[in-house]
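Just the heavy atoms: all of them, side chains too, but no hydrogens, waters or symmetry mates, feed the values below. Within every chain, numbering begins at 1; the chains are lettered A, B, ... in the order of the sequence lines, protein sequences first and strands thereafter.
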There are 2 protein chains.
Amino acid sequence: MSQSDNERSYSSAKYRTPDGAPADIVIFTITKQEKRSGKKSLPVRELKVLLIRRKAWPFQGMWALPGGFSKETETMEVTARRELEEETGVRDVHLEYLGVYSAPGRDPRGWIISHAYCALVNEALLAHRQAADDAEEVGLFAIDDALENMELAFDHREIMRDAYSKIREQMLASTIAKQFLPERFTLGELHQVIRTVVPGFEEHNFIRKITSTQSRKGIMEEARDANGEKQTSIEYSQRPAQLYRFTGYEPPLSIYG
Amino acid sequence: MSQSDNERSYSSAKYRTPDGAPADIVIFTITKQEKRSGKKSLPVRELKVLLIRRKAWPFQGMWALPGGFSKETETMEVTARRELEEETGVRDVHLEYLGVYSAPGRDPRGWIISHAYCALVNEALLAHRQAADDAEEVGLFAIDDALENMELAFDHREIMRDAYSKIREQMLASTIAKQFLPERFTLGELHQVIRTVVPGFEEHNFIRKITSTQSRKGIMEEARDANGEKQTSIEYSQRPAQLYRFTGYEPPLSIYG
DNA sequence: TAAATAGTGTCTCTTAGACATTATGGT
DNA sequence: ACCATAATGTCTAAGAGACACTATTTA
C-alpha cells in the first residue's frame with residue numbers, strides 16, 4: 001500500500017468533522033472605587049467580568065464571553081490572545097487555559113467545540129480601552145450578578161462558573177493576586193484582593209503570617225529603593241505601610257507534608 | 001434579516017474548519033513486582049504508561065498514545081472514555097482532562113486539534129485486559145524510558161511529559177494515590193506509591209506526619225472491621241501494619257495560611 | 001481626639017524535623 | 001540472631017491562632 005493510498009484512506013472527507021473550534025475568554029478584573037469618606041481608606045474592590053453583547057444570530061442581543069474561531073495556522077492560545085486583543089485591546093496579560101466545552105448542541109451553528117481561557121487583567125489596562133472604542137457594546141459586570149441574574153449566550157454561564165471556581169482556588173494556591181496589583185503593594189492591598197476573589201478568606205493575623213513564617217518568606221519580599229531603604233506607602237492609610245513585591249517563587253503544595 | 005439569512009451567513013461552509021477533534025489518553029499504571037528475596041518486603045513499584053503501536057499511516061509502526069476521534073454526539077470526555085474502553089477494556093476509572101494540543105502541523109492528516117486526558121488505572125484492571133485481546137499490539141513502558149528513549153508518534157512525547165508533570169503535582173496535592181492502591185492500604189504502601197510517582201519525595205517521618213497532625217487527620221482514617229476492631233496487614237512486613245482508607249476529604253491548599 | 005489602617009507583644013498549643021529506640025515475627 | 005518493615009519516645013525549634021496593645025498621621 002503506497003503512502004498516498006494510506007493518505008486517501010485517512011481523508012477526513014468521509015467523516016463528519018467539527019464546524020469550528022473557537023476560544024472563549026473569561027476576562028476578570030478587579031475594580032477599585034475610592035470611598036468618598038474624605039479620610040484615607042482602602043478602596044472598595046469588586047471582581048468583575050467583561051462581556052460583549054452579541055450583534056448577530058445566534059443569541060443576538062444577549063451578553064456573551066468574548067471569543068472567536070481559531071484559524072488553521074494558530075494554536076488555541078494564540079487564538080485566545082488574538083481575540084482578546086481584537087475585542088478589548090489588551091495584550092501581554094496573564095492567560096490560562098480553563099478547559100474544553102463540547103456538549104452536543106451547545107452551539108446552534110453546528111458541531112462547535114469551544115476552548116475556554118481565563119484572563120486576569122489589571123483594571124488600568126481595561127479602563128484605557130473602554131473609552132477607546134465603543135463600536136462594540138461591552139460591559140463589566142460583578143461576577144455574582146453575571147452568574148445569578150443574567151441570561152447568557154451558549155453555555156457561557158457554565159464556563160464562567162468554572163472560571164470563577166478556578167481562580168478562587170488559584171488565588172489561594174498561587175501568586176496570581178499579582179495580576180490585580182501594582183508591582184509594589186501593601187499587605188493590606190494584597191489581603192483585600194484575596195478577599196475580593198475569595199469572600200470566605202478570613203485570616204486574622206494576615207500580616208503576621210506573611211512576615212513571620214519562614215516557609216512563606218520566599219514568596220514576597222520588602223520593596224526597597226535604590227539606596228536599599230525600605231519603601232513605604234501612605235496611599236491608603238495614615239500610618240505608612242511597608243511595600244512588598246512578589247519574588248516569583250511559588251512554594252510547592254502538598255497534603256502529605 | 002430573517003433567521004435563515006442569519007443562519008446562512010454563519011454557515012461554516014465558507015470557513016476552513018478542523019479536520020477532526022480526537023481525544024488521546026495517557027494511561028498511567030503502577031506495576032508491582034515482588035522481590036524474590038524470599039523474605040517479606042515491599043514490592044518494587046514502577047510507574048508505567050500504556051502505548052499502542054500504530055497500524056497505519058501516519059507514523060505507521062511507531063508507538064503512540066491510545067485515542068481516537070470524537071463524534072458529533074459525544075462530549076470529549078465521553079470520547080476519551082469510549083476510546084479507553086475500546087482499546088484497553090477498562091472503564092469506570094479516574095480520568096482527568098489534561099489540555100488541548102493544537103500546534104499547526106502536529107498531525108499530517110490535516111488540521112486536527114487533540115484533547116489529552118490522563119487515566120490512572122490500577123494494575124489489576126489493566127493486567128486482566130492485557131491477556132484478553134492481543135489483536136492490537138500494546139505495551140507498558142516505564143515512564144522515563146518512554147520519555148527519553150522512544151520515538152513517539154505526533155506530539156505524544158510532549159503530551160506525555162505534560163501528563164507526567166501533572167500527576168506528580170497532583171500526587172502531592174490531592175489523594176489520587178488512591179487510584180493506585182487497594183481500598184485499604186498500609187502507610188508503607190502509600191509512601192511507596194507516592195515515591196514511585198514523585199521520585200524526589202523524601203519524607204522521613206511519613207507515618208508520624210499522617211498520624212499525628214490534626215490538619216491531615218481527616219484525609220484518611222484507620223480501617224476497622226465489622227466489630228470496630230482496627231485492621232492490620234502482614235502482607236509486606238513481619239510486624240502487622242495498620243490499614244488505612246481514604247475518607248474522600250481533601251483539604252484546601254493555600255500559600256497564604 | 002476620633003478614625004482608619006499598620007504593626008507588635010505575649011501567650012498557649014500544635015506541628016516540623018531529626019534521631020534514637022522499640023516492636024513483630026519469619027528465615 | 002538477623003532482617004525488613006512498623007511504630008513510638010524524646011527533644012528542640014518553629015508556626016498557628018487568639019487578643020490585646022501600640023504606632024502613625026490626618027480630618
task: Name the nucleic acid region contacted by A/Leu42, choosing base, sugar-phosphate or nothing; use a 4.0 angstrom heavy-atom cut-off, strictly under.
output: sugar-phosphate
task: Take the protein atom CG of A/Leu187 and the nucleotide atom P of C/dT8, then report the distance between them rounded to whole Å.
output: 10 Å
message: Can you measure B/Tyr244 atom OH to D/dA6 atom P for me and round it to whole angstrom units?
response: 11 Å
task: Specify the separation, in whole Å, of atom CD of A/Gln192 and atom C1' of C/dA4.
output: 13 Å
statement: When rounded to whole Å, the CZ to P distance for the pair B/Phe206 and D/dT5 reads 15 Å
Length of the line joining B/Lys230:NZ and D/dA7:C1', which is rounded to integer Å: 11 Å
- prompt: Rounded to whole angstrom units, what separation is found between the CD atom of B/Glu235 and the P atom of D/dA6?
  reply: 11 Å
Pairs of donor and acceptor atoms involving the side chains of residues 139-149 of chain B, under 3.5 Å and at least two apart or interchain, shall be tabulated with distances.
unit_1: B/Asp145; atom_1: OD1; unit_2: B/Asn149; atom_2: ND2; d: 2.9

- prompt: Side-chain donor-acceptor pair under 3.5 Å between B/Glu123 and B/Thr31, yes or no?
  reply: no
- prompt: How does each nucleotide of nucleotides 16-25 of chain D score, in 5' to 3' order, for protein heavy atoms under 4.0 Å: base (B), sugar-phosphate only (S), or none (-)?
  reply: S-BB---BBB
- prompt: Is there a donor-acceptor contact under 3.5 Å linking the side chains of B/Arg184 and B/Gln231?
  reply: yes
message: A quick test of your reading: do over 12 heavy atoms of other residues, nucleotides or ligands sit less than 6.0 Å from CZ of B/Arg224?
response: yes
field: Between C1' of C/dT5 and CD1 of A/Ile207, the distance in whole Å
entry: 8 Å
task: For side-chain contact (heavy atoms from CB on, under 4.5 Å), just list the numbers for B/Leu126 and B/Asn122, CA-CA rounded to whole Å, side-chain angles, deciding distance to a tenth of an Å, and then say yes or no.
output: CA-CA 7 Å; B/Leu126 220 51; B/Asn122 201 301; over 6 Å; no
message: Which heavy atom of A/Trp63 sits nearest to which heavy atom of A/Val138, and what is that distance?
response: CZ3-C, 3.8 Å
